[in-house]
Amino acid sequence: MYEEELNEVKQKCLSCKKCPLSETRTTVVFSGGIPNSKLMLIGEAPGYWEDQKGEPFVGKAGQLLDKIFASVGLSRQKDVYICNTIKCRPPENRNPLPEEKDACREFLDAQIRILHPKIILLAGSVAVQSILGDIGGITRIRGKWFDGEAYGLPDTKIMPIFHPSYLLRNDSREKGSPKWLMWQDIQEIRKAYDNL
Ligand code: SF4
């Protein structure tokens with residue numbers, strides 16, 4: 001009964017005051033998409049619109065993420081579970097502090113443990129660092145599969161990808177550009193998803 005267990009974690013998270021971000025947040029952003037998915041995307045932290053609406057990836061970066069998924073026939077309504085490394089917005093969208101990530105880790109760990117996704121996508125360096133540690137810059141490791149077994153996640157394939165907000169700042173679609181690479185990566189992800 002993963003729904004019950006997940007809901008218990010969510011209720012605990014919604015009233016969490018374990019770190020100072022609880023004082024500046026508008027809402028707690030626990031997750032989006034569908035829980036019974038084989039595909040989980042982990043981003044960094046809620047931004048302005050996410051904090052307002054209580055949903056991850058709903059601003060411009062979220063719209064781009066939806067387009068990226070749609071380009072290979074995937075959608076958050078039927079294929080993907082979405083969450084962030086921390087659940088409350090850091091002021092001015094700064095990167096989460098180590099102590100905030102540590103405080104919030106129990107919720108991310110619970111989401112992964114309960115849902116046990118077959119594929120985890122790590123969008124951006126904060127998410128990569130949280131799950132895979134310091135393994136190099138996102139430009140070098142994006143698009144590569146990592147075996148979850150080595151990170152305590154058996155039967156899970158993990159791929160770092162560019163964060164959509166990085167793609168918004170790098171608009172070129174030329175061969176080799178971040179957007180072009182993202183489109184290669186999402187096709188690879190679709191293939192792996194089809195083979196599950
Ligand atoms: S960021 Fe995480 S640990 Fe901090 S208050 Fe929000 S839910 Fe709790």
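When a ligand or atom number is given, it counts from 1 through the structure's own listing order. Quick note: residue numbers are just sequence positions, from 1.
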| note | At under 4.0 Å between heavy atoms, what of Arg25 touches ligand 1? The answer is side chain

| said: I'd like to know whether Asp51 forms a side-chain contact (heavy atoms from CB on, under 4.5 Å) with Thr27, so could you lay out the CA-CA distance, the side-chain angles of the two residues, the decisive distance to 0.1 Å, and finally the verdict. | reply: CA-CA 5 Å; Asp51 177 59; Thr27 58; 4.3 Å; yes

| said: Checking Phe57 against Asn84 for the side-chain contact (heavy atoms from CB on, under 4.5 Å) test, could you report, in this order, the C-alpha distance in whole Å, the side-chain angles of both residues, the deciding distance, and whether it holds? | reply: CA-CA 9 Å; Phe57 286 96; Asn84 283 308; 3.9 Å; yes

| query | Can Asp109 and Arg105 be counted as an ion pair, charged N to O under 4.0 angstrom? | reply | yes

| query | Between Lys157 and Trp145, is there a donor-acceptor pair closer than 3.5 Å when you use the side chain of the first and the backbone of the second? | reply | no

| For Ser71 and Ile186, which heavy atoms make the closest approach, and how far apart are they? | OG-CG2, 3.9 Å

| Shortest non-hydrogen contact from Pro117 to Thr156? | O-OG1, 2.9 Å

| How far is atom 4 (Fe) of ligand 1 from its nearest protein heavy atom, and which residue and atom name does that atom have? | Cys19 SG, 2.4 Å

| query | What protein heavy atom sits nearest atom 2 (Fe) of ligand 1, and how far away is it? | reply | Cys104 SG, 2.3 Å

Provide the number and element of each atom of ligand 1 under 4.0 Å from a heavy atom of [X].
{"X": "Ala103", "answer": "3 (S)"}
{"X": "Cys16", "answer": "3 (S), 5 (S), 7 (S), 8 (Fe)"}
{"X": "Ser22", "answer": "5 (S)"}

| said: Suppose we only count N/O/S atoms under 2.8 Å; would Cys88 qualify as near atom 2 (Fe) of ligand 1? | reply: no

